[in-house]
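This report concerns only the one structure given below.
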2 protein chains.
Amino acid sequence: MNTPNINSVNCNSCPIRHRAVCARCNADELVELDAIKYYRTYEAGQTVIWAGDIMGFVGSVVSGVATLTQTMEDGRTQMVGLLLPSDFVGRPGRDGAAYNVVATTNVVMCCFRKKPFEDLMERTPHIAQRLLVMTLDELDAAREWMLVLGRKTAREKIASLLSIIVRRDASLQSTGLGENVVFDLPLTREAMADYLGLTLETVSRQMSALKRDGVIKLEGKRHITVPSMGRLLEEAGDDSDGGFIG
Amino acid sequence: MNTPNINSVNCNSCPIRHRAVCARCNADELVELDAIKYYRTYEAGQTVIWAGDIMGFVGSVVSGVATLTQTMEDGRTQMVGLLLPSDFVGRPGRDGAAYNVVATTNVVMCCFRKKPFEDLMERTPHIAQRLLVMTLDELDAAREWMLVLGRKTAREKIASLLSIIVRRDASLQSTGLGENVVFDLPLTREAMADYLGLTLETVSRQMSALKRDGVIKLEGKRHITVPSMGRLLEEAGDDSDGGFIG
DNA sequence: AGTCCCAATTGATCTGGGTCAAGGTTAGTC
DNA sequence: GACTAACCTTGACCCAGATCAATTGGGACT
């Protein structure tokens, strides 16, 4: 087991505090947030919560990667969200989880018990305002993904997924992106397939094809080098730099 | 032309006022909202705004149907949102429109100039809270649609679309839904295809198939009778009553 | 080193929905 | 009431990606 040391996660690295609250929080509010804050850890593969179950907290991902998935009775499953560090989980004002949340790597989450958080939100307007902006961003991401699912070819889908992960990685480290990028895939081929509305065989074939064509290099199954981000974005079918944070 | 009479649209039928604000607004806020409120009308087929253009207002649909679409350079287009009466358009805090907005029927929108609305939102916390809830609902709808796009067959996709339209119609009229439902499709076959990630030919074929199998009855091209909503939901592949407002 | 296990790759074949093409329907216009 | 222009339906054929079925590879245990 390889869980990060909780004690090393100080307040400044808590995304809620940092991203949703800090910028405009006064001292009292920060004390109040600390009082209801705690951490949870999950191992790779562990289910955080099942759709429909009561979710007594809201929170955000501090480290690791989790997924939101929906499943039909016959087993077909579709990933509807990818939770990377700083992403928010849970819905204020609703008790049941809407989706399955699964940790795909070891995950640390910064959580707030739901009721006190809602109370604080009631009293502290800019928290709702901040959550509104975050939710609008997620809505944009979901809609961007609808284009991927509805209209792109398998090859374009793979390239789109790789682009998104690179983009998120980069904005997290707030390092600019050169043409050459190296990163680790936090997803299995099956999880990629669930995200892309494909089968894992098709994912594998298209990964091989992108490798054969020099768009990516693979070391092992997960470690990826992208020699040219421009080329990758072309393969994704995105216009020149569509939303890309350079 | 057949635009509704603007003067007949009084404050109580304005969804922003009614849904986003009214419940908790005091008299001053209502006066302030009235001061920045105005109406816009669009004809069927007219583009409300192009992706990327400056959008000086936010607002909500009072009557009619509009669509949000994304387009790739080669012309592939995907609808990412269906705007029915009471739906909100525009993003506070952002100037450019993210998507093409097109009226598919004659549309009346209740609009607020962006800057004054943002100012009011700043001063009036429950507006942001109300918008947060509305945005979270939209996010859920977008994610539900990701399952449709990624994992459902053409027949299931059509049935899902019909279900959604029926559901929204019903919640609008807040009449309960019996088994037997009659309604008018507000979309062309092409618009349906753009929503579902299909071609218009496939939409047409599947509509014919659902008709042949007695799941729907068609009078003309748009007027639809659903003899059994239960059957339709089965065809959509939804679990028993998935979110269905009965 | 061997073996177990799971993730990933690769091949062969099949099929749902796309593509291309030819009518049919309906509403609006003169 | 014929003319036109959208919009829709239907048919024939094809292909991208699904399905079914072996292998292969790599890390964690003895």
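Computed over heavy atoms, backbone and side chain alike; hydrogens, waters and symmetry mates excluded. Within every chain, numbering begins at 1; the chains are lettered A, B, ... in the order of the sequence lines, protein sequences first and strands thereafter.
Residue Arg155(A) is out of contact with every strand shown, counting any heavy-atom pair closer than 4.0 Å. Gly197(A) comes within contact range of the sugar-phosphate backbone alone, with a heavy-atom separation under 4.0 Å but no base atom that close. In this structure, Ser204(B) reaches the bases: a heavy-atom distance under 4.0 Å links it to at least one base atom across the strands shown. Contacts of Leu198(B) with the nucleic acid, taken as non-hydrogen atoms under 4.0 Å apart, involve only primed sugar atoms and P, OP1 or OP2. Using a 4.0 Å heavy-atom cutoff across all strands shown, Thr199(A) reaches at least one base atom of the nucleic acid.
Remark: of the listed residues Asp194(A), Thr71(A), Thr67(A), Thr69(A), Asp194(A) is the sole one forming a side chain to side chain donor-acceptor pair (under 3.5 Å) with Thr77(A).
One can place NE2 of His223(B) at 17 Å from C1' of dT26(C), the figure rounded to the nearest angstrom. What separates CG of Leu187(A) from C1' of dA7(C) is a distance of 14 Å, to the nearest Å. What separates NZ of Lys211(B) from C1' of dT10(D) is a distance of 13 Å, to the nearest Å.
Note on Thr153(A): every side-chain N or O is 4.0 Å or more away from OP1 and OP2 of dA16(D). Contact check, Arg189(A) against dC6(C): no side-chain N or O comes under 4.0 Å of OP1 or OP2.
Asp184(A) has no carboxylate O lying under 4.0 Å from a charged side-chain N of Lys221(A), or vice versa, which leaves the two without a salt bridge. A salt bridge does not link Glu235(A) to Lys152(A): none of the charged side-chain nitrogens sits closer than 4.0 Å to a carboxylate oxygen. Using a cut-off of 4.0 Å between Lys/Arg side-chain N and Asp/Glu carboxylate O, Glu144(B) and Arg167(B) are scored as salt-bridged.
Of all nucleotides listed (dA18(D), dC8(D), dT9(D)), dT9(D) comes nearest to the side chain of Leu200(B). Across dG17(C), dT9(C), dG17(D), the shortest atom-to-atom separation from the side chain of Leu218(A) is found for dT9(C). Listed nucleotides dG26(D), dT10(C), dC8(D) differ in distance to Glu201(A); the shortest reach to its side chain belongs to dT10(C).
Mapping Lys152(A) and Ser208(B) onto DNA chain D by nearest heavy atom places Ser208(B) at the nucleotide closer to the 5' end.
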Quick one, Thr199(A) with Thr202(A), criterion side chain to side chain donor-acceptor pair (under 3.5 Å). Give me CA distance, side-chain angles, the key distance, then yes/no.
CA-CA 5 Å; Thr199(A) 59; Thr202(A) 299; 3.1 Å; yes

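Side-chain atoms of Arg205(B) come within donor-acceptor range of the base of dT19(C), with a qualifying N/O pair under 3.5 Å.
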